[in-house]
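Below is one structure, written out as structure tokens; comments come after it.
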Amino acid sequence: MALADTLERIEADLAAGRIPMARQRLRGLVSSFPGNLALRRRLAEVYRLYGDRAEAGRWMYLEEDRDAEETAVFEARYHTPGRLMRALAWHGPEPLADSAFAAEQLSAVRTACSNAVGRPVDWDMSLAALHDDAPEGGVLAQSLAGAGCLLAVVVFFAIWVNGLIDLFD
């Protein structure tokens, strides 16, 4: 479906009060055209209808006239450089941005993410490659979780063997 046709459907959805459908269509367009700042702006407007300031800030992040409070809420929700980078859903090099401000913002986020993960990253890397978060709960919690899983497997196996023995007795 052509961009213009989809935009017409979005406007019809909004006029009819089908905000979730309009949002879904806009998310698809932004995914297909990540460099189109007008689509990102329109998506932010739809999220404002929901009252979701973090998502409005997310989609206005590359705009110079963005709302500072929305930007702060977005940055707080996606609090690490890797999460910010993933949330922006950009593809390709920064110079493809429609404005110098957007290119600067993209470059700053990418540089911060590169510093956080300790190697160069780019916008076309997989989401797993941008993982910069510390494990939740630390080493002790992870060890306890692993031990619990191992114990569950051993108990399950013991019950299975006991059932097998009872079957042949």
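Below, all heavy atoms of this structure are taken into account, side chains as well, without hydrogens, waters or symmetry copies.
Within 6.0 Å of atom CD in Gln24, 12 or fewer heavy atoms from other residues, nucleotides or ligands are found, so the atom counts as exposed in its surroundings.
For the atom pair Thr6 OG1 and Leu26 CG, the distance stands at 9.5 Å (nearest 0.5 Å). Going from atom SG of Cys113 over to atom CG of Leu84 covers 9.0 Å, rounded to the nearest 0.5 Å. Distance check, rounded to the nearest 0.5 Å: CD1 of Ile19 to CZ of Arg23 gives 10.0 Å. Expressed to the nearest 0.5 Å, how far OG1 of Thr71 lies from CD of Glu69 amounts to 10.0 Å. Interatomic distance, Ile159 CD1 to Leu164 CG, rounded to the nearest 0.5 Å: 13.5 Å. Atom CG in Leu3 sits 6.0 Å away from atom CG in Leu39 (nearest 0.5 Å).
For the pair Arg66 and Tyr61, the cation-pi test (distance below 6.0 Å, angle within 45°) is passed.
Checked for salt-bridge contact, Arg53 and Asp67 meet the test: a charged N lies under 4.0 Å from a carboxylate O. Using a cutoff of 4.0 Å between basic side-chain nitrogens and carboxylate oxygens, Arg42 and Glu45 are scored as salt-bridged.
Cluster annotation: Leu14 is connected to Leu43 through the hydrophobic network of ILVMFWY side chains, with a link wherever side-chain heavy atoms come within less than 4.5 Å. Cluster annotation: Tyr78 and Met60 are assigned to distinct hydrophobic clusters (Ile/Leu/Val/Met/Phe/Trp/Tyr, side-chain heavy-atom contacts under 4.5 Å, transitive). Linking Ile, Leu, Val, Met, Phe, Trp and Tyr residues whenever their side-chain heavy atoms come within less than 4.5 Å leaves Val154 and Phe156 in two separate clusters. Tracing side-chain contacts under 4.5 Å through hydrophobic residues (I, L, V, M, F, W, Y), one reaches Leu7 starting from Trp59; they form part of the same cluster. In the hydrophobic clustering of ILVMFWY residues, with side-chain heavy atoms under 4.5 Å counting as a link, Met85 and Phe101 come out apart.
The shortest side-chain heavy-atom distance between Tyr50 and Pro20 falls under the 4.5 Å cut-off. Residues Val153 and Cys149 are not in side-chain contact: their nearest non-hydrogen atoms beyond the backbone lie 4.5 Å or more apart. Side-chain contact between Leu62 and Trp90 is present, with at least one heavy-atom pair separated by less than 4.5 Å. Side-chain atoms of Arg58 and Arg40, non-hydrogen and from C-beta on, never get closer than 4.5 Å to each other.
Pairs of residues two or more places apart, or lying in two chains, that qualify as salt bridge (charged side-chain N to carboxylate O under 4.0 Å, His left out) and include a residue from residues 91-104 are Glu94-Arg110. Pairs engaging residues 142-156 under the salt bridge (charged side-chain N to carboxylate O under 4.0 Å, His left out) rule: none recorded [sequence neighbours left out]. Residue pairs meeting the salt bridge (charged side-chain N to carboxylate O under 4.0 Å, His left out) criterion with at least one partner in residues 72-82, sequence neighbours excluded, are Asp52-Arg77, Glu55-Arg77. Judged as a salt bridge (charged side-chain N to carboxylate O under 4.0 Å, His left out), not a single pair has a partner in residues 26-37 (not counting sequence neighbours).
Within the 3.5 Å criterion, the main-chain N or O of Gly92 finds a donor-acceptor partner in the side chain of Asp124. Checking side-chain atoms of Ser32 against main-chain N and O of Gly28 turns up a donor-acceptor pair under 3.5 Å. In terms of modelled atom types and a separation under 3.5 Å, the side chain of Trp160 and the main chain of Asn162 share no donor-acceptor contact.
For Asn115, there are no side-chain hydrogen bond (donor to acceptor under 3.5 Å, both in side chains) partners two or more places apart in sequence or in a different chain. Contacts of Arg41 classified as side-chain hydrogen bond (donor to acceptor under 3.5 Å, both in side chains), with partners at least two apart in sequence or in another chain: Glu63, Asp65.
The heavy-atom pair separating Ala97 from Ala103 by the smallest distance is CB-N, 3.7 Å. The two residues Pro34 and Ala89 come nearest to each other via the heavy atoms CB-O, 3.5 Å.
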Exercise for the section: Apply side-chain contact (heavy atoms from CB on, under 4.5 Å) to the pair Asn36 and Leu29, showing each step before the final yes or no. Expected result: CA-CA 9 Å; Asn36 188 324; Leu29 283 178; over 6 Å; no

